[in-house]
Amino acid sequence: MLKGKSALVTGSTSGIGLAIARALAAAGANLTINGFGDKAAIENERAGLEKEFGVKALYSPADMSKPAEIAAMIRGAEQAFGALDILVNNAGIQHVAPIEEFPIEKWDQMIAINLCAAFHTIRTAVPGMKARKWGRIVNTASAHSLVASPFKSAYVTAKHGLAGLTKTVALEVATFGITANCISPGYVWTALVEKQIPDTMKARGLTAEQVKRDVLLAAQPTKEFVTVDEVAALAVYLCSDAAKSITGANLSIDGGWTAA
Ligand code: NAD
């Protein structure tokens with residue numbers, strides 16, 4: 001379905017981004033993967049994509065809080081594959097703390113990675129997409145792009161901003177065969193969720209089990225975590241020609257959370 005297309009997924013060394021990269025490769029796209037982690041594990045992932053799916057895969061270590069590295073990563077993908085057709089802004093971090101205790105440097109870092117990075121990737125990638133009259137921009141937002149939870153001020157702010165950026169870009173590129181959409185998952189069991197459990201225990205005075213049941217899954221009517229593969233399948237669908245009229249949308253995949 002995506003044979004010959006070139007895709008880039010930020011934050012694709014674990015969790016949702018890794019699943020999206022694998023699903024795009026399974027659909028035939030050449031990949032640029034990005035994110036932090038163990039060097040050997042990342043090389044395993046890159047080589048595995050090539051071997052398993054018969055595509056070409058590159059790795060960029062660009063830090064999504066650094067605009068110059070982001071622009072260089074996009075240019076690198078364009079040069080390596082002759083184009084960048086599919087851009088998935090997925091890298092993200094979380095920090096949980098009451099507003100008056102929220103570390104200033106954490107706030108700045110989260111706004112940079114979870115929001116500003118998408119501005120930098122999109123502004124660099126759009127001219128090429130416009131010239132070729134085809135493009136897909138998929139932004140991993142969150143249920144927190146639609147609703148808030150206490151102690152997540154930077155995350156909720158960044159994700160609401162990402163939803164606004166997505167809508168604005170969708171309008172600007174609508175006549176160029178380019179779509180821009182958000183996917184907004186509820187709680188998906190990944191490292192990002194696992195790591196926020198200790199801080200949530202501290203902020204709310206709960207045990208780990210209570211955090212899972214009474215904070216995380218309390219919001220999700222299905223009482224189940226969303227899986228990374230479910231999110232990846234939606235991303236691949238948005239990249240298909242069948243989805244060419246879906247743009248500017250914020251698609252919830254949250255077990256009913258934001259219906260409440
Ligand atoms: P994860 O921690 O498993 O993956 C995060 C990825 O981002 C990793 O590859 C990491 O190396 C990368 N990353 C972090 N900082 C980076 C930086 N400065 N530069 C480049 N890469 C960086 O987390 P995940 O749950 O898979 O999260 C992926 C996205 O999904 C995030 O944007 C997150 O906000 C969003 N999301 C997650 C959930 C959830 O419940 N897990 C729910 C809604 C939205």
Side-chain angles (χ1 to χ4, degrees), residues 8-23 31-39 41-42 45-46 59-74 87-96 105-106 108-118 120-121 138-149 152 154-163 165-166 182-197 200 211-212 215-220 222 224-232 234-235 250-255 257-258:
L8 183 152
V9 185
T10 72
S12 45
T13 53
S14 84
I16 293 170
L18 172 57
I20 293 176
R22 288 181 56 78
L31 253 301
T32 302
I33 56 168
N34 157 261
F36 300 149
D38 175 69
K39 264 198 177 141
I42 293 172
E45 179 195 342
R46 192 205 61 74
Y59 167 64
S60 163
D63 181 337
M64 291 304 106
S65 67
K66 309 240 164 76
E69 291 186 24
I70 295 170
M73 174 184 72
I74 301 289
L87 168 65
V88 181
N89 289 298
N90 171 81
I93 57 167
Q94 176 63 285
H95 186 80
V96 180
E105 60 285 1
K106 260 292 168 216
D108 289 345
Q109 189 194 17
M110 287 183 66
I111 300 297
I113 296 168
N114 294 13
L115 174 57
C116 301
H120 293 294
T121 57
V138 178
N139 297 326
T140 311
S142 163
H144 284 118
S145 73
L146 296 162
V147 295
S149 296
K152 294 187 176 175
Y155 191 83
V156 170
T157 301
K159 295 298 186 181
H160 275 65
L162 187 59
L165 172 67
T166 307
C182 283
I183 294 179
S184 283
Y187 284 107
V188 188
W189 189 253
T190 65
L192 180 138
V193 168
E194 206 172 346
K195 278 190 262 173
Q196 67 189 272
I197 289 186
T200 309
V211 170
K212 270 198 206 170
V215 179
L216 304 181
L217 292 180
Q220 227 148 265
T222 52
E224 279 176 19
F225 286 99
V226 178
T227 71
V228 293
D229 291 334
E230 289 164 2
V231 180
L234 180 54
N250 189 348
L251 299 162
S252 293
I253 176 161
D254 64 5
W257 174 355
T258 52

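One is the number of the first residue; the rest follow in order along the sequence. Atoms within each ligand, like the ligands themselves, are counted from 1 in listed order.
Polar contact with ligand 1: present for Tyr155 (N/O pair, distance under 3.5 Å). For Ala143, no nitrogen or oxygen atom sits less than 3.5 Å from a nitrogen or oxygen atom of ligand 1, counting backbone and side chain alike. For ligand 1, the polar-atom distance check finds no N/O of Asn114 at less than 3.5 Å from any of the ligand's N/O atoms. Note: an N/O pair closer than 3.5 Å links Asn90 and ligand 1 by distance alone. Checked by distance only, ligand 1 and Ser142 stay at 3.5 Å or farther apart across all their nitrogen or oxygen atoms. Here's the thing with Ile16: one of its N/O atoms is less than 3.5 angstrom from an N/O atom of ligand 1. Considering backbone and side-chain N/O atoms, Gly17 never comes within less than 3.5 Å of an N/O atom of ligand 1.
Put simply, part of Gly186 is less than 4.0 Å from ligand 1, judged by heavy atoms. In this structure, Lys159 is part of the shell of residues with a heavy atom less than 4.0 angstrom from ligand 1. Residue contact check for ligand 1: Thr10 places no non-hydrogen atom closer than 4.0 Å to it.
Atoms of ligand 1 lying under 4.0 Å from any heavy atom of Tyr187, numbered from 1 in the order shown and given with element: 40 (O). The Gly35 neighbourhood of ligand 1 comprises atoms 11 (O), 21 (N), with distances under 4.0 Å to a heavy atom of that residue. Near Asn34, meaning under 4.0 Å from one of its heavy atoms, ligand 1 places the atoms 20 (C), 21 (N). Every atom of ligand 1 is numbered from 1 in the order shown, and the set under 4.0 Å from a heavy atom of Gly15 is 3 (O), 26 (O). In summary, the atoms of ligand 1 found under 4.0 Å from a heavy atom of Val193, numbered by their order in the structure, are 39 (C), 40 (O), 41 (N). For ligand 1 and Asp63, the ligand atoms under 4.0 Å from any heavy atom of the residue are 17 (C), 18 (N), 19 (N). Of all the atoms in ligand 1, the ones that sit under 4.0 Å from a non-hydrogen atom of Met64 are 17 (C), 18 (N), 19 (N), 20 (C).
Using modelled atom types, no side-chain atom of Ser65 and backbone atom of Ile113 make a donor-acceptor pair closer than 3.5 Å. For the pair Thr10 (side chain) and Ala91 (backbone), a donor-acceptor distance under 3.5 Å is present.
With distances taken over non-hydrogen atoms, the option nearest atom 5 (C) of ligand 1 out of Ser12, Ala191, Gly92 is Gly92. Of the candidates Pro61, Ala19, Ala141, Ala91, the one placing a heavy atom closest to atom 44 (C) of ligand 1 is Ala141.
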Handout entry: Test side chain to side chain contact (heavy atoms under 4.5 Å, CB included) applied to Thr140 and Ile20, step by step
Key = CA-CA 10 Å; Thr140 311; Ile20 293 176; 4.3 Å; yes
Handout entry: Tyr155 vs His95, side chain to side chain contact (heavy atoms under 4.5 Å, CB included): CA-CA, chis, key distance, verdict
Key = CA-CA 7 Å; Tyr155 191 83; His95 186 80; over 6 Å; no
Exercise for the section: Evaluate side chain to side chain contact (heavy atoms under 4.5 Å, CB included) for Leu234 paired with Glu230, printing each intermediate quantity in order. Expected result: CA-CA 7 Å; Leu234 180 54; Glu230 289 164 2; over 6 Å; no
Exercise for the section: For the pair Phe36 and Met64, evaluate side chain to side chain contact (heavy atoms under 4.5 Å, CB included) and give the outcome as yes or no after the intermediate values. Expected result: CA-CA 10 Å; Phe36 300 149; Met64 291 304 106; over 6 Å; no
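Asn250 and Ser184 get closest at one heavy-atom pair: OD1-OG, 2.6 Å. The shortest non-hydrogen separation linking Met73 to Thr121 is CE-CG2, 4.3 Å. Contact record, Ala62 with Asn34: O-ND2, 2.8 Å, taken as the closest heavy-atom pair. In terms of heavy-atom proximity, Leu115 sits nearest to Leu162 at CD1-N, 3.4 Å.
When heavy-atom distances to ligand 1 are checked against a 4.0 Å cut-off, Ala62 comes that close only through its backbone atoms N, CA, C and O. The residue Val228 has no part lying near ligand 1, judged by heavy-atom distances below 4.0 Å. Contacts between Ile113 and ligand 1, counted as non-hydrogen atom pairs separated by less than 4.0 Å, involve the side chain only. If you look at Gln94 next to ligand 1, there are no close heavy atoms at all, none under 4.0 Å.
Side-chain contact between Thr157 and Met110 is absent, with no heavy atoms from C-beta onward closer than 4.5 Å. Two residues are said to be in side-chain contact when any heavy atoms from C-beta on lie closer than 4.5 Å; Ile74 and Leu87 meet this criterion.
Taken from CG in Leu165 to SG in Cys116, the straight-line distance is 9.5 Å, to the nearest 0.5 Å. Rounded to the nearest 0.5 angstrom, Asn114 CG and Ile93 CD1 are separated by 6.0 Å.
The closest protein non-hydrogen atom to atom 14 (C) of ligand 1 is Ile93 CG2, 3.8 Å. Ranking the protein heavy atoms by distance from atom 27 (O) of ligand 1 puts Leu192 CD1, 3.9 Å first. Scanning the protein heavy atoms around atom 12 (C) of ligand 1, the nearest turns out to be Gly11 CA, 3.6 Å. Shortest contact from atom 11 (O) of ligand 1 to any protein heavy atom: Phe36 N, 2.8 Å. The protein atom (non-hydrogen) at minimum distance from atom 43 (C) of ligand 1 is Pro185 O, 3.3 Å. At the shortest separation from atom 25 (O) of ligand 1 among protein heavy atoms lies Thr190 OG1, 2.4 Å.
Between Phe225 and Tyr187, the two ring planes are perpendicular [angle over 60°; tilted spans 30° to 60°].
Of the listed residues (Val193, Thr200, Leu217), just one forms a side-chain contact (heavy atoms from CB on, under 4.5 Å) with Val211, and that residue is Thr200.
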